[in-house]
2 protein chains.
Amino acid sequence: MYTKLVQTTLLNCTLDHHDIERYKNRIVQIHDELENAHEMIGWIDYPLQNHDQLFNEIKNVKREICAKADVLVVIGIGGSFLGARAVQDALTPYFGVHKDGIEVIYVGHHMSGAYMHQILEYLDDKEVYINVISKSGGTMETALAFRVLRQYMERRYGEEAIQRIIVTTDPEKGILKKIADAIGYRQFPIPSDIGGRYSVLTPVGLLPISVAGIDIAQFMEGAKKAAIELKEPDLELNHAYQYAVMRNILYNEGYSVELLASFEPSLKKFHEWWMQLFGESEGKERKGLFPTCVTYSTDLHAIGQFIQEGSPILFETLLHFHEITDDYTVPFDGRNEDGLNYLAGRSLNEINATSKQGTALAHAEGGVPVIQLEMAKLDAYHLGYLIYFFMKACAMSAKLIEVNPFDQPGVEAYKRKMLELLINK
Amino acid sequence: MYTKLVQTTLLNCTLDHHDIERYKNRIVQIHDELENAHEMIGWIDYPLQNHDQLFNEIKNVKREICAKADVLVVIGIGGSFLGARAVQDALTPYFGVHKDGIEVIYVGHHMSGAYMHQILEYLDDKEVYINVISKSGGTMETALAFRVLRQYMERRYGEEAIQRIIVTTDPEKGILKKIADAIGYRQFPIPSDIGGRYSVLTPVGLLPISVAGIDIAQFMEGAKKAAIELKEPDLELNHAYQYAVMRNILYNEGYSVELLASFEPSLKKFHEWWMQLFGESEGKERKGLFPTCVTYSTDLHAIGQFIQEGSPILFETLLHFHEITDDYTVPFDGRNEDGLNYLAGRSLNEINATSKQGTALAHAEGGVPVIQLEMAKLDAYHLGYLIYFFMKACAMSAKLIEVNPFDQPGVEAYKRKMLELLINK
């Protein structure tokens with residue numbers, strides 16, 4: 001059924017021969033630019049390189065953490081946070097923890113005093129490890145949280161705190177690197193030519209998700225498969241580029257919002273990772289599709305009305321996994337007061353998939369363009385593939401609207417204002 | 001400081017004398033229409049009426065549930081789900097449960113088979129009560145979950161299941177009412193002239209949030225205060241109407257997306273309630289602002305780039321609570337490697353509030369219109385007020401673009417398609 005791992009289809013607007021011809025050369029040209037760029041494209045070949053030694057170290061540290069701790073606290077924000085949390089949520093149970101891992105919780109991704117106070121109380125009767133993730137160490141949210149948690153660990157564990165704090169940072173420079181060297185914290189590298197939102201396939205994502213119980217070998221195998229397949233410059237054969245072109249056509253037609261939609265609630269945080277990837281890569285020079293997301297069928301009963309009949313500003317990208325490991329069968333009920341016995345014996349996932357079909361048809365009939373991204377199974381392998389797929393599509397997409405996919409100049413604006421206000425207080 | 005409980009200000013676009021004059025009469029006219037309408041406006045005076053007996057019953061049932069159960073499972077979707085979860089998340093601890101309540105979890109708001117399987121396993125070693133909430137009982141997601149959970153309760157508790165299942169439904173008609181009458185489940189009424197997204201101030205929201213530990217007397221006191229204050233037809237005196245007019249002006253200027261932003265992560269689910277309220281009320285006849293949301297400072301490091309410098313399609317509504325009960329002070333660190341000692345002794349909530357100011361200034365300078373909604377304190381009283389404030393503003397807002405704030409014809413489209421597909425399979 002799948003010639004490529006991600007099956008990309010447009011439900012009600014076709015990427016036809018004319019479109020392919022129109023974009024084909026442009027795509028090849030950008031493809032070559034990306035492959036031969038000198039800056040910030042370390043992520044393109046990262047899954048193809050041999051990282052056996054590094055991955056073994058991660059596995060060893062993971063084993064140590066799981067043996068000695070109840071909780072891993074990850075300190076990070078933006079690209080040092082969203083990817084790991086996305087994969088963890090997608091692939092660990094809804095209640096409790098994964099059988100191959102321990103609890104992983106996050107801090108330093110905002111500055112709520114209530115959250116900070118409560119997380120410290122929560123940790124008090126548990127054994128703890130820390131993984132602080134920051135390329136520079138200079139981001140306020142992360143730095144404040146690390147200051148608090150580091151002192152907390154030193155109070156609780158004394159000398160042993162050194163062993164229990166793992167630092168993921170730039171291998172050469174930055175405040176965090178300096179602190180880690182001075183104290184002797186164990187370190188994992190964030191390659192300097194990989195930006196935050198493209199870093200989930202490096203130790204930034206791999207250590208936390210490994211501790212959460214996810215098979216990082218499978219995860220990276222999927223990413224590798226994508227890195228090989230999506231090296232294809234031909235638009236007719238590269239589904240990631242097809243997705244980028246579909247978005248570009250719709251953007252040029254005047255659509256301003258792309259809505260990523262899934263039918264499995266565990267993908268909610270994955271959407272947020274996707275939002276950063278596309279929003280931060282494209283949203284500059286007054287350009288870009290605004291990326292937002294919904295989880296169905298929950299949100300069909302919330303924002304669904306707007307999608308079906310509201311302002312015609314959006315198109316929808318439906319992300320669907322055909323197989324979800326866990327499931328439940330609708331029971332027969334002799335009373336049948338609800339009239340649902342016609343569904344007895346069918347699985348909820350099957351009914352959910354039908355609601356996906358129904359939604360796609362209803363939205364398409366309502367005039368909403370619907371892109372469908374289909375994958376065989378929701379597991380580490382396919383998610384690794386999909387993440388790489390989106391990164392490749394995103395870089396192409398940003399280049400198609402002629403913005404730099406790898407910078408984020410606008411993020412500094414609020415930081416400057418905040419610093420001025422804090423220092424002058 | 002606050003003449004009204006919600007302080008509504010426009011940072012960089014002014015509701016000036018000219019605007020007031022232009023909208024004034026129209027507002028009075030719509031106000032009268034709403035006050036004198038015959039359908040679906042039960043929510044307008046609900047907080048002003050005497051519900052002592054009903055609220056006492058809720059309190060008694062809450063006491064019983066907390067004594068006999070570890071978990072309350074709430075079955076509902078859309079307006080029968082989002083409001084309660086929003087208030088619960090906003091006012092209960094980040095970790096663990098509120099000291100005055102028990103755990104409240106939700107099901108029936110989607111059809112994930114994995115979630116259903118896992119929630120049942122999660123419940124196995126806990127004492128359980130169920131609150132099923134549906135006006136009709138006919139919504140597929142809710143009905144399927146109730147079928148499963150009802151059989152689960154009967155297997156576990158036998159006859160006692162009748163006592164442990166509480167039904168919140170229409171007092172006169174519908175499948176769920178019929179079932180409840182036949183079996184003898186205890187019932188709480190959803191007034192028939194209050195639609196789902198306007199129902200959180202009725203038993204729909206009150207029973208779950210009460211069990212979660214929230215003081216519903218305070219909550220309804222705040223709503224009552226709003227219902228009194230916002231009966232004011234004069235635009236110059238009614239902040240909810242001012243907010244509606246600000247949105248309307250921006251909508252007419254061509255903005256297509258409203259971004260609700262908060263700086264306290266516990267408000268994330270509150271945003272989702274707000275999204276349904278506005279999206280489902282306004283998104284029809286190809287009209288309406290697309291409502292979406294962010295939590296700062298987390299999302300400043302994700303979608304912040306787009307807001308600052310991307311396509312100029314959005315304006316931002318910053319929701320800010322001046323006082324958050326719980327807090328944490330930045331510690332002094334003799335090493336000061338991070339250079340943050342200038343913040344030592346300041347509270348995180350204070351720094352967070354400064355980042356709010358910085359963000360508002362940065363976005364305004366970037367050309368993004370910023371509406372600020374400020375409240376004194378994040379507590380049950382103020383949240384009750386704010387919910388009513390938004391409902392009143394929303395009804396006015398929808399009327400200003402000449403759509404019916406109280407129907408949702410587009411929600412049926414996917415249901416019809418799904419049913420066709422399910423029945424023909």
Side-chain angles (χ1 to χ4, degrees), chain A residues 77-78 93-95 109-118 122 143 179 256 265 276 279-280 283-284 286 288 292 297-298 300-306 308-313 324 326-328 337-338 347-349 351-352 354-355 357-359 361-362 408 410-411 413-414 417-418 421-422, chain B residues 77-78 93-95 109-111 113-118 122 143 179 256 264-265 276 279-280 283-284 286 288 292 297-298 300-306 308-313 324 326-328 337-338 347-349 351-352 354-355 357-359 361-362 408 410-411 413-414 417-418 421-422:
Chain A
I77 193 168
Y94 284 102
F95 299 88
H109 52 295
H110 53 65
M111 297 189 287
S112 158
Y115 184 88
M116 181 60 83
H117 184 206
Q118 290 168 30
Y122 178 72
I179 299 177
S256 51
Q276 182 198 19
E280 210 168 68
K284 46 200 78 160
R286 303 282 160 231
T292 187
S297 57
T298 305
L300 288 169
H301 295 257
I303 202 70
Q305 167 66 36
F306 190 101
Q308 190 72 42
E309 299 187 344
S311 298
I313 58 169
I324 311 269
D326 206 359
D327 203 352
Y328 196 83
E337 295 126 318
D338 54 13
S347 92
L348 278 178
N349 288 348
I351 298 170
N352 203 17
T354 309
S355 92
Q357 281 178 276
T359 303
L361 290 171
Q408 54 282 333
V411 177
Y414 103 91
K417 290 283 174 204
M418 177 176 69
L421 291 166
L422 283 173
Chain B
I77 194 167
Y94 284 103
F95 299 89
H109 52 297
H110 52 66
M111 297 189 286
Y115 184 88
M116 180 60 82
H117 184 206
Q118 290 168 30
Y122 178 73
I179 299 178
S256 51
E264 189 62 35
Q276 183 199 18
E280 210 167 69
K284 46 199 78 161
R286 303 282 160 229
T292 187
S297 56
T298 305
L300 289 169
H301 295 256
I303 201 71
Q305 166 67 36
F306 191 102
Q308 190 72 43
E309 299 186 343
S311 298
I313 58 169
I324 311 268
D326 205 359
D327 203 351
Y328 197 82
E337 297 125 318
D338 54 13
S347 92
L348 279 179
N349 287 347
I351 298 170
N352 203 17
T354 309
S355 91
Q357 281 178 275
T359 303
L361 291 171
Q408 54 283 330
V411 177
Y414 102 89
K417 290 283 174 203
M418 176 175 71
L421 292 166
L422 283 173

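Chain identifiers are assigned alphabetically (A, B, ...) following the order of the sequence lines, protein sequences preceding nucleic acid strands; residue numbering begins at 1 within each chain.
When each of A/M418, A/H109, A/M111 is scored by its heavy-atom pairs under 4.5 Å with chain B, the top score falls to A/M111. Considering only heavy-atom pairs separated by less than 4.5 Å from chain B, the leading option among A/K417, A/Q408, A/R286 is A/R286.
For A/Y122, the part lying near chain B is the side chain, with the backbone staying farther off; criterion is any non-hydrogen pair under 4.5 Å. The parts of B/E280 that come within reach of chain A are both its backbone and its side chain, each placing non-hydrogen atoms under 4.5 angstrom from that chain.
We find the CG-CD distance between A/L422 and B/Q357 to be 9.0 Å, quoted to the nearest 0.5 Å. Of the inter-residue distances, the one linking B/L300 atom CG with A/H110 atom NE2 reads 12.5 Å to the nearest 0.5 angstrom. The distance from the OG1 atom of B/T292 to the CZ atom of A/F306 is 10.5 Å, given to the nearest 0.5 Å. A distance of 5.0 Å separates CD of B/Q305 from NZ of A/K284, quoted to the nearest 0.5 Å.
The closest donor-acceptor contact from the side chain of A/E337 to the backbone of B/I179 lies at 3.5 Å or more, if one exists at all. Using modelled atom types, no side-chain atom of B/Q308 and backbone atom of A/V411 make a donor-acceptor pair closer than 3.5 Å.
Smallest separation of non-hydrogen atoms from A/Y94 and B/Q118: N-OE1, 2.7 Å. Nearest heavy atom pair, residue A/A114 against residue B/I324, reads CB-CG2, 4.2 Å.
When ring centroids are compared, A/H301 and B/Y414 come within the 6.0 Å threshold.
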